[in-house]
Amino acid sequence: MPVTKVACPSCGEIANITVNSKSDDILRIGTNSLGRNNQSACKSCGKKIYYNLG
């Protein structure tokens, strides 16, 4: 599975999240799981990142 780089919503550092394909859009990224189906973790601060793919 490919990964995409995003800014961590907690610390602002670059974080990698897994996507189905490079053409997937990342929707609703945040630090809580409300309405979000996928999760990853920031390597810098260790906090979880929740997101939806579009």
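When a residue number appears, it is its place in the shown sequence, counting from 1. Bear in mind that the values here come from a model prediction, so they are computed numbers and not experimental data.
- Taking 4.5 Å as the limit, some side-chain heavy atom of Ile26 sits within range of a side-chain heavy atom of Leu53.
- In this structure, CG on Asp24 lies 11.5 Å from OG1 on Thr18, to the nearest 0.5 angstrom.
- Val19 and Ile49 end up in the same hydrophobic cluster when Ile, Leu, Val, Met, Phe, Trp and Tyr side chains are linked at under 4.5 Å.
- The closest donor-acceptor contact from the side chain of Arg28 to the backbone of Arg36 lies at 3.5 Å or more, if one exists at all.
- Using modelled atom types, no side-chain atom of Asn52 and backbone atom of Asn38 make a donor-acceptor pair closer than 3.5 Å.
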Could you tabulate the donor-acceptor pairs under 3.5 Å formed by side-chain atoms of residues 1-14, not counting sequence neighbours?
none

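- Note: Tyr50 OH to Asn37 CG = 12.5 Å, rounded to the nearest 0.5 Å.
- For the atom pair Tyr51 OH and Leu27 CG, the distance stands at 11.5 Å (nearest 0.5 Å).
- Across all their heavy atoms, Ile17 and Ser40 have their closest contact at CG2-CB, 3.7 Å.
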